[in-house]
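What follows is a short report on a single structure.
As a basis for the values below, the full set of heavy atoms in this structure was taken, side chains included, without hydrogen atoms, waters or symmetry mates.
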Amino acid sequence: MITLYHCDGARSFRPLWMLEEMGLPYELKMLPFPPRVFAKEYLAINPLGTIPFMIDGETKMTESSGICYYLGTKYGPTPLVVGMDDPAYGAFLNWMYFSDATLTFPQTLVLRYSQLEPEERRNPQVAGDYAKWFLGRLRAVEAATANAEFLCAGRFTAADIVNGYALRLAGNIGLARDFGPNVAAYWVRLQERDGYKRAVAAERKAGIEQNVAPRIQA
């Protein structure tokens with residue numbers, strides 16, 4: 001069975017959402033954030049000490065968007081993955097990489113310098129600059145959803161999952177108030193999906209059962 005190590009609200013929500021959309025069986029192991037500090041025994045499993053960490057037989061992965069693509073291709077076929085023969089294949093891959101390299105990266109700096117660092121090390125200018133960076137890059141999503149329900153291929157795909165997580169994180173760190181109208185409506189559509197709702201419920205249930213206090217982090 002697939003095992004996913006997860007922190008509340010972390011990037012590991014991407015593969016959790018993917019697992020729920022695909023209806024795959026899995027075991028969810030909740031950890032406090034950051035696990036390399038508060039769950040040091042986790043380093044024996046994942047020397048990086050990062051989240052997510054997925055184990056599927058002999059396969060071990062740490063990159064959230066990559067895990068989503070892996071699940072979709074290994075356990076497909078599924079409409080969540082756009083095939084190489086589809087004209088939207090390039091756009092699909094671009095959005096998959098965009099989600100972390102362009103959207104989530106500046107958010108982590110906003111989070112760090114506005115919330116995670118000790119009070120004396122917080123830096124409002126850094127947080128503000130990277131918030132503007134994130135919102136500037138979000139214009140691509142605003143444009144893509146102007147006349148379409150989802151990002152590519154005319155349907156909901158893993159690209160919506162991985163970029164949808166960035167919108168979820170934006171809400172947690174106070175940036176959703178600056179969403180454009182198209183992004184705001186798109187985010188509402190994503191949250192209405194049964195797979196998203198199941199992932200949120202699974203996250204909460206596992207946190208309670210495993211006695212891990214909720215704390216929204218990147």
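Q107 places a side-chain N or O within 3.5 Å of a backbone atom of A166 that can act as its donor or acceptor partner.
With respect to the salt-bridge test (charged N to carboxylate O, under 4.0 angstrom), the residues E41 and K29 do not qualify. Under a 4.0 Å N-O distance rule, the pair E142/R139 does not qualify as a salt bridge. A salt bridge does not link R193 with D160: every distance from a Lys NZ or Arg NE/NH1/NH2 to an Asp or Glu carboxylate oxygen is 4.0 Å or more.
A donor-acceptor contact closer than 3.5 angstrom is absent between the side chains of N163 and Y186. Y113 and Q125 form no side-chain donor-acceptor contact under 3.5 Å, judged by distance and modelled atom types alone. Side-chain contact check for S99 and S65: at least one donor-acceptor pair (N or O, by modelled atom type) lies under 3.5 Å. Checking S64 against R11 by side-chain atom types alone, no donor-acceptor pair falls below 3.5 Å.
The one candidate from Y196, F150, Y165 that meets the side-chain contact (heavy atoms from CB on, under 4.5 Å) condition with L190 is F150.
Hydrophobic cluster membership differs between Y97 and F134, with clusters built from Ile, Leu, Val, Met, Phe, Trp and Tyr side chains linked at under 4.5 angstrom.
R14 places none of its side-chain heavy atoms less than 4.5 Å from the side chain of I67.
Here CE of M18 is found 5.5 Å from CE of M22. Values are rounded to the nearest 0.5 Å. Taking OH of Y42 as the start and OG1 of T50 as the end, the distance is 5.5 Å to the nearest 0.5 Å.
The aromatic rings of Y75 and Y70 sit perpendicular to each other, their planes meeting at more than 60°, with 30° as the lower class boundary. Using the six-membered ring where Trp is involved, W95 and F98 have ring planes that are perpendicular, over 60° apart on the 30 and 60° scheme. The aromatic rings of Y69 and F92 sit tilted, their planes meeting at an angle between 30° and 60°.
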